[in-house]
Protein chains: 2
Amino acid sequence: MKHTYEYPRAALTVDCVVFGFDAAELQVLLIERGISPFKGQWALPGGFVRVDETLDEAARRELLEETGLEKLFLEQLYTFSSVNRDPRERVISVAYYALTKPTYHRTQATTDAADAQWFSVRHIPALAFDHADILATALQRLRGKLRYEPIGFELLPPKFTLSHLQQLYEAVLGTELDKRNFRKKVLSYDLLLPLDETHREGAHRPAQLFRFDPVRYEKLKKKGFHFEL
Amino acid sequence: MKHTYEYPRAALTVDCVVFGFDAAELQVLLIERGISPFKGQWALPGGFVRVDETLDEAARRELLEETGLEKLFLEQLYTFSSVNRDPRERVISVAYYALTKPTYHRTQATTDAADAQWFSVRHIPALAFDHADILATALQRLRGKLRYEPIGFELLPPKFTLSHLQQLYEAVLGTELDKRNFRKKVLSYDLLLPLDETHREGAHRPAQLFRFDPVRYEKLKKKGFHFEL
DNA sequence: TCAAAAGTGTTTGCAGTACACCCATGT
DNA sequence: ACATGGGTGTACTGCAAACACTTTTGA
């Protein structure tokens, strides 16, 4: 079926910047394009928005189709609209960014799904379209959010140690943090529940495991509290 | 000329939340709809995006056409995509928010332009479409931005007193601020240049006038500084 | 001379920062 | 026994918060 309109309309896509955390580095999930334009180049997962779905739905659908990921933290980032960002025709793209826990991306790495691959944000290949701009914007946003909202946990497995969390902050923000001060502050918010388990690895003392307490977080949020660092 | 596509496409609009500051209150500019749907109701200024313009251009064009405003602070807010937000057909709207100085909105109030009118954010009439959601989102964003970026000046005339600025912060954030602490902090950033003029009004001591120094701001920004409150 | 807003410093407490050593484990 | 990261407390400093009176003007 063909569709006819009075005035020309831009096509609408969503593109997703999926962040993960592994090997003490912030990672981004890219897919290799199988078709022209930019065939063979790396790009952000994404695709056209259907006329009967919201943008959030489109983003989740595309992620599932192209990378097998689902149920992750997802938030709208910005809408990109340079007139020539797509060489074929006018395409406006609503960008999203997503955060995944390592459990999931392990699963992902072993499945197929087009040709998805994780890249450290420190070594990103040339990207199709204006995806480098989108990625830069997403990084900026992630850094901002991490400081004043407790979303770091979305990048860690459900059980994690304070050192894991600190490494994450250091990697994303690109700073070094004092161990004692970091722990003092994080624990002061009372958002982390110590578990009865420890994490053992290597020849040293085992580390206390924690999990994030989302219920407590919602309570605090309603009282208007201010998370930082 | 008709335009035909393989798949149905959503229509794309921009909607603008224009903030002003007057009578010690935060104001929003609304226009009365002259056509169905929602004929006779108040709505945010906005309209369809043309296929050869960016979203920013579309937003500025619509603002000029519908309200006569130009050269104002304008920033993309969020893209709204509920499937039924427009009863006619699928319309996705990219929302912007804008800040205007009183000099301009005085001019505006006396011109015609459809039927634009300022409303205090404390007394907003029923709005067309999902514009109430958009406005709520814009307010939230404005409150957030005001705290950690020096954009308050965009809502004041080029020359203003510290009391004006304080009133603005109090109105937007909905808090009372200590006069001495406020002045101390604002001046500490060294972003305000004292002028050789004073503002006289009423039976009391005249107030020092200041202007914002954008050059200095850019310099500080590059050095990575942190504005707050 | 009165009313009304402008302008100005000091004290206090808390939160951020800096900093060094012992602990538990695997090899 | 040694190497490795886990875990802990204190002193200092600087910024935020609280707070009251004098100044200048117009009526």
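The structure presented is a predicted model; accordingly, all values stated were derived computationally and were not measured. We name chains A, B, ... by the order of the sequence lines, and we start the count at 1 in each one.
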Stepwise, does the side-chain hydrogen bond (donor to acceptor under 3.5 Å, both in side chains) test hold for B:Thr54 with A:Ser81?
CA-CA 5 Å; B:Thr54 65; A:Ser81 66; 4.7 Å; no

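- Here C:dA4 presents its P atom at 10 Å from NE2 of B:His204, a figure rounded to the nearest Å.
- Distance, A:Gln166 CD to D:dG6 P: 9 Å, rounded to whole Å.
- Here B:Arg200 lies in heavy-atom contact (under 4.0 Å) with sugar-phosphate atoms only.
- Residue B:Gln208 is in sugar-phosphate contact alone, with no base atom involved, counting any heavy-atom pair closer than 4.0 Å across all strands shown.
- In this entry the distance linking CZ of B:Arg183 with P of D:dA18 reads 18 Å, nearest Å.
- Residue B:Lys184 is classed as a base contact, given a heavy-atom separation below 4.0 Å to a base.
- A:Lys179 comes within 4.0 angstrom of a base, heavy atoms only.
- When distances are taken from the side chain of A:Ala207 to each of C:dC19, C:dT8, D:dG6, the shortest belongs to D:dG6.
- Among the protein residues, B:Thr161 comes within range of no part of the nucleic acid, since none of its heavy atoms lies under 4.0 Å from any strand.
- Under 3.5 Å, the side chain of B:Arg180 and the base of D:dA17 form no donor-acceptor pair of N or O atoms.
- Checking C:dA5, D:dC19, D:dG9 against the side-chain heavy atoms of B:Asn181 singles out D:dC19 as nearest.
- In this structure the side chain of A:Val94 never reaches within 4.5 angstrom of the side chain of A:Thr13, judged on heavy atoms.
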